[in-house]
Student: 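One structure, as structure tokens, below. Some questions next.
Atoms within each ligand, like the ligands themselves, are counted from 1 in listed order. Counting from 1, the numbers follow the sequence of the chain as shown.
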Amino acid sequence: MRPYVIFCSQFDEVYLTTREQYEQLLSDGDLMFQQVPLVEIDGMKLIQTKAILNYIAEKYNLHGKDLKDRVMINMYSEGVIDLMEMIMVMPFTADKPAQLQTIEKKAKERYLPVFEKALSGPIYLVGGKLSCADVQLFECTLMLEELFCGVLKDFSNVKAFQGRMTEIPAITKFLQPGSQRKPKPDEIYAKTVMEVFNFNKPLK
Ligand SMILES: N[C@@H](CCC(=O)N[C@@H](CS)C(=O)NCC(=O)O)C(=O)O
């Protein structure tokens, strides 16, 4: 499963690999809505992905200089998340080829054109400054390329942006072999998730 606990300094991850681990978390009472991810940071136990992301973005000054930047960052970020979620549910869908086709079409026709336009000139999406939306878009481009070789061929601004992002030292490090970046989900991953959460049939 995706990480459920992050302690600070760099970060440590604990993966759910058994149903018992998840039940232990439930009985510890840390999962407000009985769901992961759970992130431990600054003496708090945070749940809900977007709340977690916003906290980290604010803490590390990745959330724009003012309210107007922030709403743009959130709009881009939500768009990227919608696309990433389609990719993330792929391992659990019954008709994978159909889902792949939908993702590729939406990526090329709906999402990438938006980012291509936003990056025609500016080096970052909002306010000339690195934000959490840039980091999410960067990760999303990698996920897309893992699925569709050459998907960025008609999106030269996005491709150039991806290249610039890889030069940020923390990101360069994160891309090294053996780093904490997740590998592409495989069948074992899908089976583990289904067992941990008692999902007994694939999504449509
Ligand atoms: N809105 C939540 C959704 C979290 C969620 O769906 N978590 C799944 C695992 S990825 C889960 O814990 N499912 C167990 C369940 O709902 O019983 C978020 O964004 O963090």
Student: Below 4.0 angstrom from a heavy atom of Y22, which ligand 1 atoms are there? Numbered from 1 as shown, please.
Tutor: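 Heavy-atom distances to Y22 below 4.0 Å select 14 (C), 15 (C), 17 (O).
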Student: For K50, is at least one N or O under 3.5 Å away from an N or O on ligand 1?
Tutor: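 K50 vs ligand 1: no N/O contact under 3.5 Å.
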Student: Going by atom type alone, with no hydrogens or angles, which donor-acceptor pairs under 3.5 Å involve a side-chain atom of residues 44-51 and a protein atom two or more places apart or on another chain?
Tutor:
residue	atom	partner	partner atom	Å
K45	NZ	D30	OD2	3.2
K50	NZ	E78	OE1	3.0

Student: Which of the numbered atoms in ligand 1 are below 4.0 angstrom from a heavy atom of P37?
Tutor: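 Within the 4.0 Å cut-off of P37, ligand 1 contributes 20 (O).
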Student: Name the option, out of L26, V89, V36, I47, that contains the heavy atom nearest to atom 12 (O) of ligand 1.
Tutor: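 Considering heavy atoms of L26, V89, V36, I47, the nearest to atom 12 (O) of ligand 1 sits in V36.
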Student: May I ask you to decide if H63's main-chain N or O and R70's side chain share a donor-acceptor pair within less than 3.5 Å?
Tutor: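 Side chain of R70 to backbone of H63: a pair is present.
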Student: Is the closest heavy atom of F33 to ligand 1 under 4.0 Å?
Tutor: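 Under 4.0 Å: no for F33.
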Student: Is the backbone of F11 close enough, under 3.5 Å, to the side chain of Q180 for a donor and an acceptor to pair up by distance?
Tutor: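 Side chain of Q180 to backbone of F11, a donor-acceptor pair under 3.5 Å: yes, one is there.
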Student: Could you go through the ring-ring contact (aromatic ring centres under 6.0 Å, His included) check for Y22 and F197 one step at a time?
Tutor: CA-CA 8 Å; Y22 172 61; F197 297 118; 5.0 Å; yes
Student: Could you go through residues 160-171 and list every donor-acceptor pair under 3.5 Å that involves a side-chain atom there, pairing it with any protein atom two or more places apart or in another chain?
Tutor:
residue	atom	partner	partner atom	Å
Q162	OE1	K159	NZ	2.8
Q162	NE2	T141	OG1	3.1
Q162	NE2	E145	OE1	2.9
R164	NH2	I123	O	3.0
T166	OG1	G163	O	2.6

